[in-house]
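Atoms considered below: every heavy atom in the structure, side chains included; atoms not considered: hydrogens, waters and symmetry mates. In what follows, chains are A, B, ... by sequence order, proteins preceding strands, each numbered from 1.
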Amino acid sequence: MSVRAYNTMARAKEDFLTRDPGKVAMYVCGPTVYNHIHIGNARTFLSFDVIRRYLTFRGYDVRFVQNITDVDDKIINRANEEGRSATEVAHEYTVAFQKAMADLGILPPTVQPKATETITEMIDMVQRLIDRGHAYVVEGDVYFSVRSFPGYGKLSGRDIEDLESGARVDVDERKHDPLDFALWKTAKPGEPHWPSPWGEGRPGWHLECSVMSERELGVTFDIHGGASDLVFPHHENEVAQSEAATGEPFVRYWLHGGLLQVNAEKMSKSLGNFMLLKDVLVEYDAPIIRLMMLQTHYRSPLEFSTERLNEARVAYERLLVPVREVKRALESDAGWAARPATTEERKAFVGNIGNARDKFQAEMDDDFNTAGALAAVFELARATNRFLGGFGIGEHSENAPVLSQSAQTIIELLGVLGIAMPEARAGEYPKEVVKVAAELAGYSGSDPRAAVEALLAARSAARTERNWAAADAVRGGLEALGFTVEDTPRGPRVTYSPEN
RNA sequence: GGCGACGUGGCCAAGUGGCAAGGCAGGGGCCUGCAAAGCCCUUAUCCCCGGUUCGAAUCCGGGCGUCGCCUCCA
């Protein structure tokens with residue numbers, strides 16, 4: 001079985017065959033750095049991060065390129081509003097973008113070119129287009145002539161005539177055709193500018209991706225990704241520019257992600273209904289955000305709400321429990337068995353592990369179906385809970401290897417989706433617990449860990465005396481500080497998990 | 001107006017011809033002093049109407065509804 005992917009150009013799922021065997025050349029449109037990215041932007045970057053991770057998992061050597069658009073009208077506008085330079089604005093939000101990506105657990109691109117560092121190549125492509133009769137100069141501006149490229153509209157499934165009849169495009173007298181778009185713009189006073197054969201100016205937005213992808217990946221590269229709102233005109237224009245300039249097909253597979261919505265409406269900066277990624281990350285850890293988003297297929301619209309994030313928090317915990325419980329059992333329950341597992345029962349459990357792995361891969365192979373893949377992991381989590389609860393480690397620790405294997409599989413498969421286990425917080429018990437221990441357990445030291453031990457001992461004593469009020473006071477005191485106290489057949493256990 | 005996508009249990013969401021995954025929430029049970037966690041059981045005429053087929057959530061036609069793009073947008 002090979003990977004299949006939905007190709008916007010073909011309007012169908014296709015077998016994924018790369019230009020060079022074993023290698024993937026992949027490009028995803030990056031942000032225009034005029035503001036912090038919102039959670040909708042983040043979804044797209046997350047989708048392609050997972051696609052990249054999965055292709056790597058499948059053994060491909062992935063070269064992943066994502067640009068930064070650091071010269072653009074929006075950046076200039078923002079700079080003017082704030083009375084500072086465009087360079088300053090771009091730099092601030094470039095740094096913020098990179099940090100937010102890292103915080104969401106998104107792997108850094110192999111290369112991250114900036115528009116302002118690719119000006120020479122931009123000018124070169126504009127010149128190539130002019131030379132080949134696909135672009136024309138008007139008073140220092142250069143426009144691409146859509147009529148000169150017969151394939152215009154093939155990506156988005158549009159027809160030039162239809163576009164023009166319904167056109168709300170502003171009529172610029174200087175353009176040969178209303179659909180022609182700027183490759184190079186004359187700089188107004190105070191705007192960033194670079195010298196060119198057509199005068200001082202700056203590149204048009206659509207040009208950037210064509211140039212940077214060609215520079216980093218060559219002409220017909222494997223995957224070009226972005227959100228579906230970029231299909232037209234951005235990607236359509238890229239196809240036109242690149243294919244007109246090179247005479248070669250631009251991209252093998254066009255992948256487009258669905259949009260994130262709020263109240264059934266697209267989240268966008270212009271609509272003002274957005275939440276910034278960095279703000280969401282304050283309340284919810286990256287694995288929770290990732291889990292929430294990946295439970296929906298990347299091409300489907302995704303309704304965003306804090307309710308869904310809260311649900312994902314619970315679901316994430318469900319995935320953590322078997323891993324945590326297996327680890328704990330391996331550490332402290334050696335030789336314990338609720339009842340012995342038969343060889344067949346153990347074999348069946350090993351089968352569950354294999355099935356989860358197979359299903360995970362089959363789902364991901366089928367157009368990166370993360371929702372289906374996650375279902376496989378949830379199923380393995382249940383099987384692990386059942387096996388551990390039913391049989392334990394085994395009298396002679398005979399179940400230890402399979403339990404360990406299962407927990408490792410859960411960790412590994414989640415890892416392919418970039419959903420990390422929580423970081424160990426060993427030794428980070430809060431100091432307040434000492435005071436509670438002094439109050440309820442007569443503890444006189446200052447070590448939080450010993451204080452917890454003292455509290456548990458006091459609670460056990462109270463329970464032996466059937467003094468439920470005292471026992472519950474201890475549990476309540478611990479829970480108020482973020483501990484969970486649970487009684488098991490093997491004795492009480494405490495887990496510390498401060499709310500994130 | 002043009003082009004495209006979607007409509008699956010209370011909510012979210014996989015599944016694109018053969019007994020309807022998974023998560024959240026709810027109900028019942030086991031376990032527990034009570035809990036928690038876990039396990040077991042439990043909730044679907046797959047928007048409507050026709051058609052094709054031995055068989056349709058899945059294919060075709062029509063209708064209704066929602067969303068996206070057509071202007072900057074991830």
Cation over ring, [X] on [Y], under 6.0 Å and within 45°?
{"X": "A:Lys269", "Y": "A:Tyr34", "answer": "yes"}
{"X": "A:Arg158", "Y": "A:Phe232", "answer": "yes"}
{"X": "A:Arg299", "Y": "A:Tyr6", "answer": "yes"}

side-chain hydrogen bond (donor to acceptor under 3.5 Å, both in side chains): which pairs involve residues 258-267 of chain A, sequence neighbours left out?
-> A:Asp229-A:Lys266
Rounded to whole Å, please give me the gap between [atom1] in [X] and [atom2] in [N].
{"X": "A:Lys266", "N": "B:U66", "atom1": "NZ", "atom2": "C1'", "value": "16 Å"}
{"X": "A:Glu363", "N": "B:A13", "atom1": "CD", "atom2": "C1'", "value": "12 Å"}
{"X": "A:Met267", "N": "B:G68", "atom1": "CE", "atom2": "P", "value": "13 Å"}

Pairwise salt bridge (Lys or Arg N to Asp or Glu O under 4.0 Å) hits with a residue in residues 380-389 of chain A, at least two apart | none
In Watson-Crick or G-U wobble terms, with both distances under 3.5 Å, the base opposite B:C11 is B:G23
For B:C54 and B:C49, measure between their C1' atoms and round to the nearest Å.
-> 23 Å
Under 3.5 Å, which N/O atoms of the protein pair with N/O atoms of nucleotides 32-37 of chain B?
unit_1 : atom_1 : unit_2   : atom_2 : d
B:G33  : N7     : A:Arg463 : NE     : 3.4
B:G33  : N7     : A:Arg463 : NH2    : 3.1
B:G33  : O6     : A:Arg459 : NH2    : 3.2
B:G33  : O6     : A:Arg463 : NE     : 3.4
B:G33  : N1     : A:Asp472 : OD1    : 2.9
B:G33  : N2     : A:Asp472 : OD2    : 2.8
B:C34  : O2     : A:Arg475 : NH2    : 2.7
B:C34  : N3     : A:Arg475 : NH1    : 2.9
B:C34  : N3     : A:Arg475 : NH2    : 3.1
B:C34  : N4     : A:Arg475 : NH1    : 3.3
B:C34  : N4     : A:Asp487 : OD2    : 3.0
B:A35  : N6     : A:Asp487 : N      : 3.3
B:A35  : N6     : A:Asp487 : O      : 3.1
B:A35  : N1     : A:Asp487 : N      : 3.1
B:A35  : N3     : A:Arg475 : NH1    : 3.1
B:A37  : O4'    : A:Glu486 : OE2    : 3.0

Would A:Asp367 and A:Tyr298 count as having a side-chain donor-acceptor pair, cut-off 3.5 Å?
->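 There is such a pair (donor and acceptor under 3.5 Å, judged by atom type) between the side chains of A:Asp367 and A:Tyr298.
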Residue-level proximity of residues 404-416 of chain A to RNA chain B when a heavy atom falls under 4.0 Å |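 Residues of residues 404-416 of chain A under 4.0 Å from RNA chain B: none.
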Close approaches to RNA chain B from residues 378-386 of chain A, in residue order (heavy atom, under 4.0 Å) =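 The stretch gives A:Phe378, A:Glu379, A:Arg382, A:Asn385, A:Arg386 as the residues lying under 4.0 Å from the strand, ordered by number.
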For the residue pair A:Phe97 and A:Phe45, does the interplanar ring angle fall in the parallel (under 30°), tilted (30 to 60°) or perpendicular (over 60°) class?
->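 Perpendicular: the ring planes of A:Phe97 and A:Phe45 meet at over 60°.
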When you measure from the side chain of A:Gln112 to the backbone N and O of A:Pro109, does any donor-acceptor pair fall under 3.5 Å?
-> no
Check nucleotides 5-8 of chain B for protein N or O atoms closer than 3.5 Å to its own N or O atoms and list the pairs.
none

